[in-house]
Amino acid sequence: MTPATQPQRPFRVPPDATEIILVRHGASQPAVRDEPFVLVDGHSDPPLAPEGHEQAERVAERLRGEPLKAIFVTSLQRTIQTAAPLARAIGFEPVAIPELREVRLGEWEGGELRFRFAERDPLIARLFAEQRWDVIPGAEPAEELAARTRAGLDRVVEATGPGATAAAFVHGGVIGELCRQATGAQGLAFIHADNGSLSRLVVFADGRRLLRSFNDTAHLA
């Protein structure tokens with residue numbers, strides 16, 4: 001028989017679900033006009049800036065007490081460098097998931113995106129109006145981005161297993177896309193995750209996804 005009174009209870013991840021902490025990499029080095037970043041398979045690959053390394057240390061301090069089963073990174077060095085302090089602290093070897101690399105930006109790779117935002121390029125307004133990265137010439141189609149990031153998260157969930165938590169060090173555009181998929185929001189509704197921030201996704205056994213938190217920066221204050 002159900003008791004006559006029921007207290008409010010905090011959310012708990014079900015034993016057959018998986019929690020993934022999405023960590024945006026720390027701040028990367030500044031873009032320099034006419035000195036584009038090195039590209040790896042079409043993606044910009046700048047290293048962390050000094051402030052990015054500091055953010056990585058604070059992420060490690062925040063997460064070292066979490067019951068993590070695994071750490072995941074992409075094949076781009078800014079995620080590897082951000083994960084390194086936590087990996088050292090808890091003795092884990094990060095696993096690379098290339099499908100979770102950043103959005104391909106076509107003609108705006110190499111740091112060009114930063115200059116276009118600073119100069120208020122007219123395509124920026126169109127990008128937000130249409131809620132798609134692929135208004136940028138040569139950029140990744142929205143459907144392809146959705147498919148590969150979903151596949152990447154599925155790999156993370158499968159490797160982590162039910163009833164467990166993992167940290168995935170990824171990119172702002174990828175966090176935005178995964179949060180969009182979980183919530184059904186507009187395409188670019190969640191692209192503003194800060195460097196070093198944490199966002200928590202719960203993936204249920206039936207494949208449903210729940211966004212528990214977005215852009216948590218308490219450890220960076």
Peer 1: When rounded to the nearest 0.5 angstrom, what distance separates CD1 in Ile136 from CZ in Arg104?
Peer 2: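 Those atoms lie 12.5 Å apart.
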Peer 1: First locate atom CD of Glu140, then atom CD of Glu102, and finally report the distance between them rounded to the nearest 0.5 Å.
Peer 2: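 It is 9.5 Å, given to the nearest 0.5 Å.
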Peer 1: Going from CG on Leu76 to NE2 on His43, what distance comes out if it is rounded to the nearest 0.5 angstrom?
Peer 2: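 With rounding to 0.5 Å, CG (Leu76) is 6.5 Å from NE2 (His43).
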Peer 1: Under the side chain to side chain donor-acceptor pair (under 3.5 Å) rule, what pairs show up with a residue in residues 32-41, not counting sequence neighbours?
Peer 2: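 As it turns out, the side chain to side chain donor-acceptor pair (under 3.5 Å) pairs with a partner in residues 32-41, which skip direct neighbours, are Arg33-Glu112, Arg33-Glu119, Asp41-Arg101.
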Peer 1: Mind running side chain to side chain contact (heavy atoms under 4.5 Å, CB included) on Phe37 and Asp45 for me, showing each step along the way?
Peer 2: CA-CA 6 Å; Phe37 296 135; Asp45 191 31; over 6 Å; no
Peer 1: Can you tell me how the ring of Phe128 sits relative to the ring of His192, calling it parallel under 30°, perpendicular over 60° and tilted otherwise?
Peer 2: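 Correct class here is parallel.
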Peer 1: I'd like to know if the side chain of Thr82 reaches the main chain of Gly26, judged simply by a donor and an acceptor atom lying under 3.5 Å from each other, with no hydrogens or angles considered.
Peer 2: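 Yes.
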Peer 1: Please determine, by modelled atom types, if Thr217 and Asp194 share a side-chain donor-acceptor pair under 3.5 angstrom.
Peer 2: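 No pair is found: no donor N or O on one side chain lies under 3.5 Å from an acceptor on the other.
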Peer 1: Following the transitive rule for hydrophobic clusters with a side-chain heavy-atom cut-off under 4.5 Å over Ile, Leu, Val, Met, Phe, Trp and Tyr, establish whether Leu178 and Leu188 coincide in one cluster.
Peer 2: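 Result: no, two separate clusters.
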Peer 1: Looking at Gly163, is its backbone amide N or carbonyl O close enough to the side chain of Asp16 to form a donor-acceptor pair, meaning the two atoms are under 3.5 Å apart?
Peer 2: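 Judged by distance alone, no pair lies under 3.5 Å.
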Peer 1: When you compare the side chain of Phe11 with that of Arg212, does any pair of heavy atoms fall below 4.5 Å?
Peer 2: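 Sidechains of Phe11 and Arg212: in contact.
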Peer 1: Which one of His171, Glu144, Gln181 satisfies the side chain to side chain donor-acceptor pair (under 3.5 Å) criterion with Thr149?
Peer 2: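 Passing option: Gln181.
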Peer 1: Check the hydrophobic clustering (I, L, V, M, F, W, Y; side-chain heavy atoms under 4.5 Å; chains of links allowed) and say if Val203 and Val174 are grouped together.
Peer 2: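 Linked within one cluster.
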Peer 1: Before accepting this row, confirm whether a basic side-chain N of the pair Glu177/Arg150 lies closer than 4.0 Å to the acidic partner's carboxylate O.
Peer 2: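 Here Glu177 does not pair with Arg150 in a salt bridge, since their nearest N and O are not under 4.0 Å apart.
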Peer 1: Could you report the tightest heavy-atom contact between Arg208 and Asp206, atom names first, then the distance?
Peer 2: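 That closest heavy-atom pairing would be NE-OD2, 2.9 Å.
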Peer 1: Salt bridge between Arg116 and Glu107, side-chain N to carboxylate O under 4.0 Å?
Peer 2: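 No, this pair does not count.
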Peer 1: Any side-chain heavy-atom pair from Arg209 and Val202 closer than 4.5 angstrom?
Peer 2: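 Side-chain contact under 4.5 Å: no.
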Peer 1: Indicate yes or no: at least one non-hydrogen side-chain atom of Cys179 is less than 4.5 angstrom from one of Ile191.
Peer 2: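 No, every pair of side-chain atoms sits at 4.5 Å or beyond.
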Peer 1: How many angstroms lie between OG in Ser213 and CG in Leu201, if you round to the nearest 0.5 Å?
Peer 2: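 Nearest 0.5 Å value for the OG-CG distance: 8.5 Å.
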Peer 1: Of all heavy-atom pairs between Ile21 and Arg200, which one has the smallest distance, and what is that distance?
Peer 2: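 Heavy atoms only, the tightest pair is CD1-NH1, 3.5 Å.
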Peer 1: Please examine the side chains of Arg78 and Pro46, heavy atoms only from C-beta on, and report whether any two atoms are closer than 4.5 Å.
Peer 2: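 Touching, per the 4.5 Å side-chain cut-off.
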Peer 1: Could you tell me if the side chain of Leu86 sits less than 4.5 Å from the side chain of Phe92, heavy atoms only?
Peer 2: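 Sidechains of Leu86 and Phe92: no contact.
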Peer 1: Within the distance-only criterion (no hydrogens, no angle test), does the side chain of Asn215 pair as donor or acceptor with the backbone N or O of Ala193 below 3.5 angstrom?
Peer 2: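 Such a contact is absent between Asn215 side chain and Ala193 backbone.
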Peer 1: Report the C-alpha distance between Arg24 and Asp216 in whole Å, list the side-chain angles of each, state the deciding distance to 0.1 Å, and finish with yes or no for salt bridge (charged side-chain N to carboxylate O under 4.0 Å, His left out).
Peer 2: CA-CA 10 Å; Arg24 189 182 177 199; Asp216 176 357; over 6 Å; no
Peer 1: Please walk me through it: do Arg180 and Gln131 pass side chain to side chain contact (heavy atoms under 4.5 Å, CB included)?
Peer 2: CA-CA 11 Å; Arg180 180 202 69 78; Gln131 294 287 298; over 6 Å; no
Peer 1: May I ask whether Ile20 and Val13 are part of the same hydrophobic cluster, defined by side-chain heavy atoms of I, L, V, M, F, W, Y residues being less than 4.5 angstrom apart, directly or through others?
Peer 2: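 No, it is not one cluster - the side chains of Ile20 and Val13 are not joined through contacts under 4.5 Å.
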Peer 1: Looking at Pro98 and Arg155, what are the two nearest heavy atoms and their distance?
Peer 2: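 That closest heavy-atom pairing would be CD-NH1, 3.9 Å.
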Peer 1: May I have the step-by-step check of side chain to side chain contact (heavy atoms under 4.5 Å, CB included) for Val170 and Val73, ending in yes or no?
Peer 2: CA-CA 6 Å; Val170 293; Val73 295; over 6 Å; no
Peer 1: Would you call Arg58 and Glu61 a salt bridge, taking side-chain N to carboxylate O under 4.0 Å as the test?
Peer 2: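 Glu61 and Arg58: not salt-bridged.
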Peer 1: Any donor-acceptor pair under 3.5 Å linking the side chain of Ser28 with the backbone of Pro47?
Peer 2: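 No; zero donor-acceptor contacts below 3.5 Å.
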Peer 1: Should the heavy atoms of other residues, nucleotides or ligands under 6.0 Å from CD of Gln29 be counted, would the total exceed 12?
Peer 2: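 Yes, enclosed.
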Peer 1: So, for Ala31 and Gly111, which heavy atoms are closest and what is the spacing to 0.1 Å?
Peer 2: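 Ala31 and Gly111 have their closest heavy atoms at CB-O, 3.9 Å.
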Peer 1: Mind running side chain to side chain contact (heavy atoms under 4.5 Å, CB included) on Thr18 and Phe204 for me, showing each step along the way?
Peer 2: CA-CA 7 Å; Thr18 305; Phe204 296 95; over 6 Å; no
Peer 1: Do Val156 and Leu100 make a side-chain contact, defined as non-hydrogen atoms from C-beta onward lying under 4.5 Å apart?
Peer 2: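 Side-chain contact under 4.5 Å: yes.
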Peer 1: Using the rule that Ile, Leu, Val, Met, Phe, Trp and Tyr join whenever any side-chain heavy atoms are under 4.5 Å apart, tell me whether Phe214 and Leu210 fall into a single cluster.
Peer 2: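 Hydrophobic grouping puts Phe214 apart from Leu210.
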Peer 1: To the nearest 0.5 angstrom, please state how far the CG atom of Leu220 sits from the CZ atom of Arg62.
Peer 2: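 These two atoms lie 8.5 Å from each other.
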Peer 1: Could you tell me whether Arg114 sits above the aromatic face of Phe117, with NZ or CZ closer than 6.0 angstrom to the six-membered ring centre and within 45 degrees of the axis?
Peer 2: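 No.
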Peer 1: Distance-only, no hydrogens or angles: does the His219 side chain make a donor-acceptor pair with backbone N or O of Gly196 under 3.5 Å?
Peer 2: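 The answer is yes, because a donor-acceptor pair under 3.5 Å joins these two groups.
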Peer 1: With a 4.5 Å cut-off on side-chain heavy atoms, are Phe190 and Thr183 touching?
Peer 2: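 Yes, side chains in contact.
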Peer 1: Applying a strict under-4.5 Å side-chain criterion to I, L, V, M, F, W and Y, I'd like to know whether Ile71 and Leu22 cluster together.
Peer 2: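 Ile71 and Leu22: separate clusters.
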Peer 1: Can you confirm whether or not the ring centre of Phe169 sits under 6.0 Å from the ring centre of Phe72?
Peer 2: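 No - the distance between ring centres of Phe169 and Phe72 does not fall below the 6.0 Å cut-off.
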Peer 1: Between the main-chain N or O of Ala151 and the side-chain N or O of Glu99, is there a donor-acceptor pair closer than 3.5 Å?
Peer 2: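 The answer is no, because no donor-acceptor pair under 3.5 Å joins these two groups.
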Peer 1: Could you grab the distance from atom CG of Leu153 to atom CD1 of Ile97, nearest 0.5 Å is fine?
Peer 2: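 Rounded to the nearest 0.5 Å, the CG-CD1 separation comes out at 9.5 Å.
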Peer 1: Do any pairs count as a side chain to side chain donor-acceptor pair (under 3.5 Å) and have a residue in residues 158-168, sequence neighbours left out, and if so which ones?
Peer 2: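 Output for this query lists Glu19-Thr165.
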Peer 1: Compare all side-chain heavy atoms of Ser44 with those of Leu39 and state whether any distance is below 4.5 angstrom.
Peer 2: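 The answer is yes, as the side chains (C-beta and beyond) meet within the 4.5 Å cut-off.
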